Amino acid sequence: MGRGTTLLGIRALIISDVHSNADALGAVLEDAGPCDELWSLGDIVGYGAEPERCIELLSAFDGVFHGVSGNHDLAALGRVPVTGFVPAGREAIEWTIPRLGETECVWLDRPPSLIIEPRSLFWHGGPLDPIWGYLNSITAAEAAFESVGDGRGFCGHTHRPIIYFQSHRGIKTDRLVPRSGHRFDLSDFGSRVLINPGSVGQPRDGDSRAAYAIIDTKDDWIEWRRVEYPIENCREKILSAGLPPVLADRLTHGI
Ligand code: ZN
């Protein structure tokens, strides 16, 4: 459970899938400006070369931090086996494990799901499988709505910004792919919404810029944003760390 924070009048920065990309995370934190809360939807580590720096940046956040663990975080903590990962992902996790000290591990250790009143639910994957589930289709969204009912769900894991919504309870589920700068009144979407801010550190929607969202719970809007970051710096760190080159190359293309 969350801290019981009332959501009246909170400006929150929503991030997911930082994946040890401190260059992207630094750009997002600067671009977002001051926020009361930071909601992290998992996978802070994995794939990239700066896990400690990302944890350092996030633990220095000047506000309330709410976070859930993703599959890569749990693997780096030894909670799930690395056999469930593609080879490059597994290699990056094995590289990450010895770089996390006790302080980083304690900080990274988060629940797989979290509820913040009034009915904002956080997972990395989805409600049916918070760690590995993919909310990547209308069918998956319908199953999620069936499971959680009314409320707002926030997830990551697909590395793609999206909002699913059910405007007439159980009758029709729809989705919208937000672009940078798109701001929406959440009340327009009805009582059931599923929100993915996209990935900070490894976008996979063909846009290489870091993705995130800002939510204002007083005026009840959400805005998706993209921000440029020094991809070349990040690429070089991945390559000089000896991590698989594909993890550097995909950042250039946002895939
Ligand atoms: Zn991820």
Side-chain angles (χ1 to χ4, degrees), residues 13-25 28 38-51 53-55 57-58 66-77 79-97 99-100 104 108-114 122-137 140 144 153-162 194-213 224 226 229 231 234 238 243-244 246-255:
L13 164 59
I14 313 173
I15 61 168
S16 192
D17 297 280
V18 171
H19 282 299
S20 297
N21 185 340
D23 292 296
L25 178 59
V28 163
L38 198 161
W39 301 353
S40 170
L41 304 168
D43 280 0
I44 288 165
V45 302
Y47 294 140
E50 293 191 283
R53 180 68 184 139
C54 289
I55 291 171
L57 285 171
L58 290 174
H66 294 291
V68 291
S69 286
N71 50 320
H72 288 256
D73 304 319
L74 292 167
L77 292 167
R79 298 285 180 82
V80 300
V82 293
T83 46
F85 292 83
V86 297
R90 188 186 317 162
E91 206 176 310
I93 286 162
E94 285 163 350
W95 178 92
T96 302
I97 290 169
R99 283 165 175 84
L100 298 178
E104 284 88 9
L108 198 59
D109 198 356
R110 307 266 166 192
S113 61
L114 194 62
F122 302 166
W123 329 270
H124 181 61
L128 299 168
D129 183 349
I131 300 166
W132 298 101
Y134 277 97
L135 266 172
N136 56 1
S137 65
F154 297 85
C155 61
H157 197 41
T158 65
H159 297 211
R160 292 165 177 267
I162 200 159
L194 295 166
I195 287 162
N196 188 324
S199 168
V200 170
Q202 196 193 82
R204 293 181 189 162
D205 61 346
D207 183 340
S208 60
R209 296 175 296 172
Y212 71 98
W224 273 264
R226 304 302 282 254
Y229 73 95
I231 293 178
C234 183
I238 289 172
L243 287 162
V246 64
L247 297 176
D249 294 341
R250 65 187 307 169
L251 297 180
T252 309
H253 307 289
I255 55 172

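Treat the numbers as computed from the prediction; the structure is a model and nothing was measured. Whatever order the structure lists them in is the order used to number ligands and atoms, beginning at 1.
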For this session: Indicate if the distance from the Zn ion (ligand 1) to the nearest N, O or S atom of His124 falls below 2.8 Å.
Result: no
Exercise. Within the stated cut-off of 2.8 Å, is an N/O/S atom of His157 closer than that to the Zn ion (ligand 1)?
Worked result: no
For this session: Measure the CD1-CG distance between Ile162 and Asp205 for me, rounded to the nearest 0.5 Å.
Result: 10.0 Å
Problem set entry | OG-NE2 distance between Ser40 and His66, expressed to the nearest 0.5 angstrom | 11.5 Å
Exercise. Which atom names give the shortest non-hydrogen contact between Ala22 and Arg53, and what distance separates them?
Worked result: CB-CG, 3.5 Å
For this session: State, with a plain yes or no, whether a side-chain heavy atom of Ile131 is found less than 4.5 Å away from one of Leu74.
Result: yes
Problem set entry | Closest Asp43 atom to the Zn ion (ligand 1) [N, O or S only] | OD2
Exercise. Can you name the N/O/S atom of His159 that is nearest the Zn ion (ligand 1)?
Worked result: NE2
Exercise. Does the gap between the ring centers of Trp132 and Phe85 come in under 6.0 Å?
Worked result: yes
For this session: Calculate the angle formed at the Zn ion (ligand 1) by NE2 in His19 and OD1 in Asp17; 10° precision is enough.
Result: 100°
